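Each remark here refers to the structure printed beneath this line.
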Amino acid sequence: AIDEKGGLLLILTFVPWSEREWIQFLGRTGRQDHNGQYAIFLSTQDEAVQQALGDKGQQESLVDAVLRHGDERTAKFLSGTKEEINKGRIMHQYT
């Protein structure tokens, strides 16, 4: 049975941009005191993988590089919305 082998085996074919989502994936493998396992199969044709391979540090795993790109992309998006958020706050004060 799966429980005798250590729990659930999760097979991933992509790494999400969000570290929160990544942690959720890994958390799904452990159930009822079983650690579970995961395996990752990535395609070099995937845009996220290509970007991560392009500037992955020597000590950085490919997964960490993909997650870093996601963090950078999210930070850039959020910095671009700062002005809109401030406008919304001002409008909220007057309504």
Side-chain angles (χ1 to χ4, degrees):
I2 276 273
D3 287 344
E4 294 168 359
K5 302 288 185 191
L8 178 68
L9 170 62
L10 181 63
I11 300 173
L12 300 164
T13 58
F14 75 102
V15 176
W17 285 101
S18 163
E19 187 169 358
R20 182 191 64 77
E21 191 175 352
W22 176 249
I23 291 168
Q24 291 255 333
F25 284 167
L26 301 186
R28 298 287 183 244
T29 66
R31 290 289 180 262
Q32 299 182 4
D33 298 328
H34 292 286
N35 291 331
Q37 303 171 49
Y38 66 94
I40 308 165
F41 295 93
L42 300 175
S43 170
T44 56
Q45 295 179 3
D46 184 307
E47 179 183 337
V49 172
Q50 289 175 358
Q51 289 175 352
L53 284 171
D55 73 345
K56 183 178 87 61
Q58 283 186 326
Q59 301 298 319
E60 188 176 36
S61 73
L62 183 55
V63 169
D64 288 337
V66 172
L67 292 171
R68 179 175 48 79
H69 274 271
D71 288 345
E72 292 168 356
R73 186 176 181 180
T74 300
K76 184 177 179 180
F77 172 78
L78 291 176
S79 70
T81 62
K82 186 175 183 179
E83 185 178 327
E84 293 299 316
I85 291 170
N86 288 335
K87 286 179 186 177
R89 286 181 179 153
I90 292 169
M91 291 178 68
H92 181 70
Q93 290 175 353
Y94 294 109
T95 58

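Keep in mind that this is a model prediction, so the values were computed, not measured.
- Residues V15 and L62 are members of one and the same hydrophobic cluster, defined by side-chain heavy-atom contacts under 4.5 angstrom among Ile, Leu, Val, Met, Phe, Trp and Tyr.
- The side-chain heavy atoms of I23 and R20, taken from C-beta on, include no pair separated by under 4.5 Å.
- Linking Ile, Leu, Val, Met, Phe, Trp and Tyr whenever their side-chain heavy atoms come within less than 4.5 Å leaves V66 and F41 in two separate clusters.
- Taking CD1 of I90 as the reference point, atom CD1 of I85 lies at 12.5 Å (rounded to 0.5 Å).
- How far CZ of R73 is from OG of S18: 12.5 Å, rounded to the nearest 0.5 Å.
- Other residues, nucleotides and ligands contribute more than 12 heavy atoms inside 6.0 Å of the CD atom of Q93.
- Here the CD1-CD distance, from I11 to Q37, works out to 10.0 Å after rounding to the nearest 0.5 Å.
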Worked verdict on W22 versus V63 for side chain to side chain contact (heavy atoms under 4.5 Å, CB included): CA-CA 10 Å; W22 176 249; V63 169; 3.6 Å; yes
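- Grouping the Ile, Leu, Val, Met, Phe, Trp and Tyr side chains by contacts below 4.5 angstrom, directly or via other members, places I40 with L67.
- Within the structure, the side-chain hydrogen bond (donor to acceptor under 3.5 Å, both in side chains) test picks out the following pairs touching residues 56-68 (sequence neighbours left out): D55-R68, E60-R68, S61-D64, R68-E72.
- Under the rule for a side-chain contact (heavy atoms from CB on, under 4.5 Å), the partners of L10 that lie at least two apart in sequence or sit in another chain are L12, F25, T29, Y38.
- The OG1 atom of T81 sits 12.0 Å away from atom NZ of K87, with the distance rounded to the nearest 0.5 Å.
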